[in-house]
S.K.: 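Here's a structure for you.
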Number of protein chains: 2
Amino acid sequence: MTQATLPGLTLCNNAMLRRATRKLGQFYDDVLAPSGLKATQQGLLYQIHIGDEPAMGAIAAALVMDLSALGHTLKPLIRDGYVETFADPDDRRIKRVRLTPQGLIKLDEAMKLWRVAQQRFEDMVGREQAARLRAALDDIAALDLDMPPAAT
Amino acid sequence: MTQATLPGLTLCNNAMLRRATRKLGQFYDDVLAPSGLKATQQGLLYQIHIGDEPAMGAIAAALVMDLSALGHTLKPLIRDGYVETFADPDDRRIKRVRLTPQGLIKLDEAMKLWRVAQQRFEDMVGREQAARLRAALDDIAALDLDMPPAAT
DNA sequence: TTCTGATAGCGGCATATGCCACTAAATTCA
DNA sequence: TGAATTTAGTGGCATATGCCGCTATCAGAA
């Protein structure tokens, strides 16, 4: 087995990112569990909250998320009455999103738990280190990784 | 709208991690597309390859992934004939995994593309910076984030 | 004004991931 | 040895995410 000399997947930026995301996601999810929300849902509610009745496209862009994926993710939140949508009167293609009163209450509840998770995590890795990490991740999300289509 | 003063979700370590993962995942997926594999699948095939017919539990542990999630993710790869499983003769609870010959060929093909993606990414953020990032992500994956059950 | 192209979302399909309940197999203990 | 416990996976259910093709709208050109 020559495999013994092959480098681990520790070298793959993408694999490491996914792995860390699984780990941290489980942690935040655990802490948020009492609220009944997943960390992704809490984050989405928050993103909607800090926006001014944002359009779906705007939310998707902010989260670097596929528009249809956002639509799917929104469904359980709409079903559970935390979020509602309405067509923009000036452009009926645009669907805007806002929290319902219950959604706002639920978000407050979840934010309390989020602070706990956030704090506990930063106690482990250090506030500075966490900030550096977030900055690096922000840079990645902002990268222009257009596929050079091997053209010309 | 007092929201204007609220901090963006840029402060959430978990949200930033997920966002960067979506971004990078799309990029690696795009580059890997000609192979027909997603980046997650390529990573999984590689992990299996570098192991010595690893048990599912061992793979899941290495990837910090839920065991049943691994089982689900493995299904398309088995269906497509890239991977096969077999019971460990010494402990029939354990199911070991290995690549099929076609799986090995497909992995080789995907690895070529992976190198392209990896290279292009590191050209953008810098080799050093990428290495630092991976190290930070590795630390996170290794964290002991057990929920203190608020117990005695 | 009508035809054409660009935008914003939706719905279907597929993979990624997790949790929970359940089964099978091995281990421990009385 | 036989019951209780632990370990390894499975299957079902639910969310997370993406891609593709389709529809409704809007904007700009003829």
Side-chain angles (χ1 to χ4, degrees), chain A residues 14-15 17-30 32-33 36-45 47 54-61 63-80 82 85-97 147, chain B residues 14-15 17-30 32-33 36-45 47 54-61 63-80 82 85-97 147:
Chain A
N14 186 47
L17 205 39
R18 291 192 86 87
R19 191 166 68 137
T21 296
R22 283 191 291 268
K23 177 78 171 196
L24 208 55
Q26 282 174 5
F27 174 62
Y28 276 74
D29 277 356
D30 277 350
L32 279 171
L37 293 180
K38 315 292 272 336
T40 47
Q41 300 179 314
Q42 177 267 331
L44 183 48
L45 289 188
Q47 184 67 32
M56 290 194 53
I59 299 171
L63 298 181
V64 187
M65 170 179 266
D66 182 89
L67 179 56
S68 76
L70 173 62
H72 299 318
T73 304
L74 227 35
K75 269 178 192 163
L77 296 171
I78 294 172
R79 178 201 59 201
D80 296 340
Y82 298 143
T85 61
F86 60 100
D88 182 309
D90 294 330
D91 185 340
R92 259 131 7 129
R93 288 173 303 180
I94 295 178
K95 186 192 278 189
R96 295 188 174 281
V97 188
M147 282 283 287
Chain B
N14 186 48
L17 205 40
R18 292 192 86 86
R19 192 167 67 139
T21 297
R22 283 191 291 269
K23 177 78 172 196
L24 208 54
Q26 283 174 5
F27 174 62
Y28 276 73
D29 277 355
D30 277 350
L32 280 172
L37 293 180
K38 315 290 275 331
T40 47
Q41 300 179 314
Q42 176 267 332
L44 181 49
L45 289 189
Q47 184 66 33
M56 290 194 52
I59 300 172
L63 298 180
V64 187
M65 171 179 265
D66 182 89
L67 179 56
S68 77
L70 173 62
H72 299 319
T73 304
L74 228 34
K75 270 179 194 162
L77 295 172
I78 295 172
R79 177 202 59 200
D80 296 339
Y82 299 143
T85 61
F86 59 100
D88 183 309
D90 295 330
D91 184 341
R92 262 139 355 140
R93 287 173 305 179
I94 296 178
K95 187 192 279 190
R96 294 188 175 280
V97 187
M147 282 284 287

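The analysis underlying the following values was restricted to heavy atoms, covering all of them including side chains, and did not include hydrogens, waters or symmetry mates. Small disclaimer: the values here were computed from a predicted structure and weren't measured. Proteins come first, then strands; the chains are lettered A, B, ... in the order of their sequence lines, and each starts at number 1.
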S.K.: Figure out the CE/P separation between B:M56 and D:dG11, and round it to whole Å.
M.R.: 10 Å

S.K.: Considering heavy-atom distances to DNA chain D, does A:D66 or A:D88 have its closest nucleotide positioned more toward the 5' end?
M.R.: A:D66

S.K.: Which atom names give the shortest non-hydrogen contact between B:A87 and B:R92, and what distance separates them?
M.R.: CB-CG, 4.4 Å

S.K.: Does D:dG18 have OP1 or OP2 sitting under 4.0 Å from an N or O in the side chain of B:Q26?
M.R.: yes

S.K.: Given D:dA8, C:dC20, D:dT17, identify the nucleotide with an atom nearest to the side chain of B:I94.
M.R.: D:dA8

S.K.: Reading DNA chain C from 5' onward, which residue's closest nucleotide shows up sooner: A:K38 or A:A58?
M.R.: A:A58

S.K.: Please confirm whether the shortest side-chain N or O distance from B:R18 to OP1 or OP2 of C:dA16 is below 4.0 Å.
M.R.: no

S.K.: Specify the separation, in whole Å, of atom CZ of B:R79 and atom P of C:dA16.
M.R.: 10 Å

S.K.: Where the side chain of A:T73 is defined as all heavy atoms beyond and including C-beta, which of C:dT17, D:dC20, D:dT17 is the nearest nucleotide?
M.R.: D:dT17

S.K.: Please check: side-chain N/O of B:D80 versus main-chain N/O of B:Y82, any donor-acceptor pairing under 3.5 Å?
M.R.: no

S.K.: Give B:L67 one of three labels, base, sugar-phosphate or nothing, depending on what nucleic acid heavy atoms sit under 4.0 Å from its own.
M.R.: base

S.K.: OP1, OP2 of C:dG11 versus side-chain N and O of A:K75: anything below 4.0 Å?
M.R.: yes

S.K.: Which residue, A:D91 or B:D80, contacts DNA chain C at a nucleotide closer to its 5' end, judged by nearest heavy atom?
M.R.: A:D91

S.K.: For A:A39 and B:N14, work out which heavy atoms get closest and say how close.
M.R.: CB-ND2, 3.3 Å

S.K.: Rounded to whole angstrom units, what separation is found between the CZ atom of A:R22 and the P atom of C:dG18?
M.R.: 6 Å

S.K.: Whole-Å distance between C:dG18 C1' and B:M65 CE?
M.R.: 10 Å

S.K.: Strictly below 4.0 Å: does A:R92 bring a side-chain N or O up to OP1 or OP2 of C:dT7?
M.R.: no

S.K.: Between C:dG11, D:dG9, C:dT17, spot the one nearest the side chain of B:A69, thanks.
M.R.: C:dT17

S.K.: Atom CD of B:Q42 to atom C1' of C:dT15: distance rounded to whole Å?
M.R.: 16 Å

S.K.: For A:L74 and D:dT15, what is the distance between atoms CG and C1' respectively, to the nearest whole Å?
M.R.: 13 Å

S.K.: Nearest of D:dG18, C:dT15, C:dC19 to any side-chain atom of A:S68?
M.R.: D:dG18

S.K.: Does the side chain of B:R96 get closer than 4.0 angstrom to OP1 or OP2 of D:dG9 through an N or O atom?
M.R.: no

S.K.: Measure from the side chain of B:R93, starting at C-beta and using heavy atoms only, and say which of C:dA26, C:dC19, C:dA16 lies closest.
M.R.: C:dA26

S.K.: Does a distance-only test, which skips hydrogens and angles, find a donor-acceptor pair under 3.5 Å between the side chain of A:H72 and the base of C:dG9?
M.R.: no

S.K.: Are A:L77 and A:L37 close enough, and set up right, to give a side-chain contact (heavy atoms from CB on, under 4.5 Å), and what steps lead you there?
M.R.: CA-CA 9 Å; A:L77 296 171; A:L37 293 180; 4.3 Å; yes

S.K.: For residues A:T73 and A:P76, report the shortest heavy-atom separation together with the two atoms involved.
M.R.: O-CD, 3.2 Å

S.K.: Round to the nearest Å and state the distance from A:L77 atom CG to D:dA14 atom P.
M.R.: 15 Å

S.K.: Between A:R19 (CZ) and C:dG18 (P), how many Å, whole number?
M.R.: 13 Å

S.K.: Heavy atoms only: give me the nearest B:R18-A:T21 pair and the separation to one decimal.
M.R.: CG-CG2, 3.9 Å

